[in-house]
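Each remark here refers to the structure printed beneath this line.
Predicted model, so just to flag it, every value in this text is computed and none were measured.
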Amino acid sequence: MADRITVIGWDGTPLTEAAGAALAAATLVAGAPYQLSALPVPEAAERIALGDIRQAARRIAEHRGAAVVVAEGDPGFFGVVRTLRRPEYGLELEVLPAVSSVATAFARAGMPWEDAQVVSAHGGRLRRAANICRAHPKVAVLTAPGAGPAELALMLRGVHRTFVVCEALGTSEEDVTVLTSDRIADHVWRDPNVVLVIGGAAQAGPVDQAAGWLAGRPVGYPGAERGWALPGDAYAGAGRTGGETGASDVLPAHVRALVLARLGARPGDLVWSVGAGSGALAVEAARFGAAVVAVEGSRSACARLTVNARRYGVEVEAVYGSGPEVLGGLPEPDAAVVESGDPELVRAVLARKPERFVALPRTFAEAEEVRRAIAEAGYRADGELLQSTPLRSAGEAGGLGLGLGAGGSGALVLWGEQIV
């Protein structure tokens with residue numbers, strides 16, 4: 001192993017005294033070609049152009065002498081430090097960071113960023129990065145070749161956002177461009193350090209000037225509530241029925257709890273809620289950090305859905321329509337729920353192969369057909385009949401203790417998971 005390994009973060013500014021000394025003493029220097037040509041690398045030092053970091057790590061582990069790895073900005077933030085620290089290389093590192101490219105990008109935009117999501121599109125994760133951009137109003141995306149601004153904008157087709165594209169940060173060729181997402185794909189971009197994706201309905205709430213306390217969590221949203229599977233009256237449209245669909249606008253809390261558990265929504269996922277009513281389930285899936293597309297055949301329910309999403313400060317894309325044909329233009333789902341719809345609609349959703357699927361059939365006969373459709377689509381099918389009866393207080397019962405109230409209800413919940 002090298003006698004000394006120093007990882008230097010460089011943001012284009014003059015090196016610190018410690019970084020300069022480490023570089024001057026190095027007998028092996030690894031970095032991007034532009035870094036190796038711009039920095040004072042000793043003439044006698046072996047030079048490695050960083051492409052495959054794992055290959056470079058193996059060479060560094062074999063080297064005898066002082067080694068330096070030059071990286072952009074903060075190498076411990078989505079950078080080379082994670083790979084170099086893998087146990088199979090046995091490397092002990094001294095890390096000298098500079099300002100991260102994300103911090104620099106937000107500084108160029110003149111924006112705070114403690115409320116931003118930061119994601120990497122490296123390693124084939126562009127779709128998940130795009131889903132984060134759907135779900136959140138402020139996202140920094142660390143791009144990769146083939147997963148840059150144009151590809152990201154195509155993934156967000158139909159979702160209006162503002163892109164701040166930062167190319168070659170910290171170099172003499174630095175360029176910062178601000179465009180709406182519909183114009184991004186018309187340009188050819190150099191490999192940028194980071195792209196800021198800004199906008200969305202969740203920003204419409206009042207701005208709280210006080211600083212938040214948890215990075216990545218916006219502050220100042222109206223109607224913030226603790227917990228999930230909230231009471232039905234927490235949503236606009238509770239107690240109503242959904243126009244053309246005839247579906248309940250707000251599912252009971254205990255039903256939503258089971259459906260959400262089976263959907264397993266998480267950041268980076270895209271969830272379809274089909275026959276969404278007033279969107280209580282869609283909003284709660286979005287509160288888990290997932291991107292959500294809600295399909296609903298009642299315009300009045302779509303309007304209430306939008307109100308509920310704004311109330312809880314989340315992004316839910318409302319799509320008006322009720323038949324299988326409306327699904328054709330939607331992005332691919334990771335999970336899907338059919339809250340209201342016949343078996344034909346269930347089959348149309350299953351044809352898009354979400355990893356997890358839930359349906360709420362109205363009758364036992366329909367449940368049997370839905371279960372068969374789930375199994376035929378290659379899923380492991382299961383389900384439950386949920387029955388509940390509200391408790392009433394002693395005063396309401398006319399006696400001591402608790403009693404059973406009127407208004408009991410039942411719900412059929414079927415689900416499927418892809419068989420691996």
Side-chain angles (χ1 to χ4, degrees), residues 77-78 100-103 105-106 109 111-122 125-143 147 149 151-166 178-182 184 194-208 211-225 228 260 263-273 279 282-294 305-306 308-318 330-335:
F77 186 73
F78 288 100
S100 75
S101 58
V102 174
F106 277 108
M111 300 176 65
W113 65 284
E114 75 278 352
D115 56 343
Q117 306 292 315
V118 182
V119 295
S120 172
H122 290 248
R125 296 184 178 91
L126 178 63
R127 193 178 75 86
R128 299 192 69 80
N131 287 340
I132 294 292
C133 295
R134 286 177 174 271
H136 296 276
K138 186 186 291 184
V139 183
V141 182
L142 298 167
T143 62
E151 292 84 0
L152 182 61
L154 289 173
M155 284 278 185
L156 294 173
R157 189 169 52 249
V159 178
H160 181 75
R161 292 291 187 270
T162 297
F163 276 44
V164 182
V165 182
C166 302
V178 181
L179 289 174
T180 54
S181 51
D182 58 327
I184 289 292
V194 63
V195 177
L196 309 183
V197 183
I198 310 296
Q203 287 194 318
V207 177
D208 186 344
W213 66 276
L214 180 62
R217 290 291 182 267
V219 296
Y221 286 138
E225 297 280 351
W228 53 285
L260 289 164
L263 286 175
R266 60 184 178 176
D269 283 349
L270 178 67
V271 176
W272 285 4
S273 177
V283 167
E284 297 211 42
R287 293 179 69 208
F288 282 108
V292 180
V293 176
L305 191 156
T306 300
N308 285 321
R310 287 179 179 271
R311 173 181 292 182
Y312 292 102
V314 294
E315 294 283 336
V316 176
E317 181 182 350
L330 302 184
E332 298 304 313
D334 297 285

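Atom CZ of Arg266 and atom CZ of Phe288 lie 13.5 Å apart (nearest 0.5 Å). Distance check: Ile184 CD1 to Leu179 CG gives 4.5 Å after rounding to the nearest 0.5 Å. Summarising the geometry, atom CG belonging to Leu270 is positioned 5.0 Å from atom CG belonging to Asn131; distances are rounded to the nearest 0.5 Å. Atom SG of Cys133 and atom CD of Gln117 lie 9.5 Å apart (nearest 0.5 Å). Between atom CE of residue Met155 and atom CG of residue Leu152 there is a gap of 8.5 Å, rounded to the nearest 0.5 Å. Glu114 CD to Phe106 CZ: the interatomic distance, rounded to the nearest 0.5 Å, is 9.5 Å.
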Problem set entry | side chain to side chain contact (heavy atoms under 4.5 Å, CB included) between Phe163 and Leu156, intermediate numbers included | CA-CA 11 Å; Phe163 276 44; Leu156 294 173; 4.1 Å; yes
For this session: Would you please test Lys138 and Val197 for side chain to side chain contact (heavy atoms under 4.5 Å, CB included) and show each step?
Result: CA-CA 6 Å; Lys138 186 186 291 184; Val197 183; over 6 Å; no
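Atom CZ of Arg127 has more than 12 neighbouring heavy atoms from other residues, nucleotides or ligands inside a 6.0 Å radius.
Residues satisfying the side chain to side chain contact (heavy atoms under 4.5 Å, CB included) test with Ala105, not counting sequence neighbours, are Cys166, Leu169, Val194, Leu196. With sequence neighbours excluded, no residue forms a ring pair (Phe, Tyr, Trp, His ring centres under 6.0 Å) with Phe77. Contacts of Thr180 classified as side chain to side chain donor-acceptor pair (under 3.5 Å), with partners at least two apart in sequence or in another chain: Asp182. Arg128 is linked by a side chain to side chain donor-acceptor pair (under 3.5 Å) to Asp269, counting only residues two or more places apart in sequence or in another chain. The ring pair (Phe, Tyr, Trp, His ring centres under 6.0 Å) test applied to Phe78 returns no partner, not counting sequence neighbours. With sequence neighbours excluded, the residues satisfying side chain to side chain contact (heavy atoms under 4.5 Å, CB included) with Pro267 are Ile132.
Considering all non-hydrogen atoms of both residues, Ala286 and Val292 come closest at N-CG2, 3.6 Å. Minimum heavy-atom separation, Ala294 to Ala282: CB-CB, 4.1 Å. Across all non-hydrogen atoms, the minimal contact from Trp272 to Pro331 is NE1-O, 3.1 Å. His122 approaches Leu142 most closely through the heavy-atom pair CD2-O, 3.7 Å. Heavy atoms only, all atoms of each residue included: Val164 and Ala109 are closest at CG1-CB, 4.5 Å. When every heavy atom of Val141 is checked against every heavy atom of Ala129, the shortest pair comes out as CG1-CB, 4.4 Å.
The pair Arg161-Glu315 meets the salt-bridge criterion, with a side-chain N (NZ, NE, NH1 or NH2) lying under 4.0 Å from an Asp/Glu carboxylate O.
Glu151 places a side-chain heavy atom less than 4.5 Å from the side chain of Leu126. With contacts defined as side-chain heavy-atom distances shorter than 4.5 Å, the pair Val271/Asp334 does not qualify. A heavy-atom distance below 4.5 Å is found between the side chains of Glu317 and Arg134. Considering only heavy atoms from C-beta on, Val118 stays 4.5 Å or farther from Val139 through its side chain.
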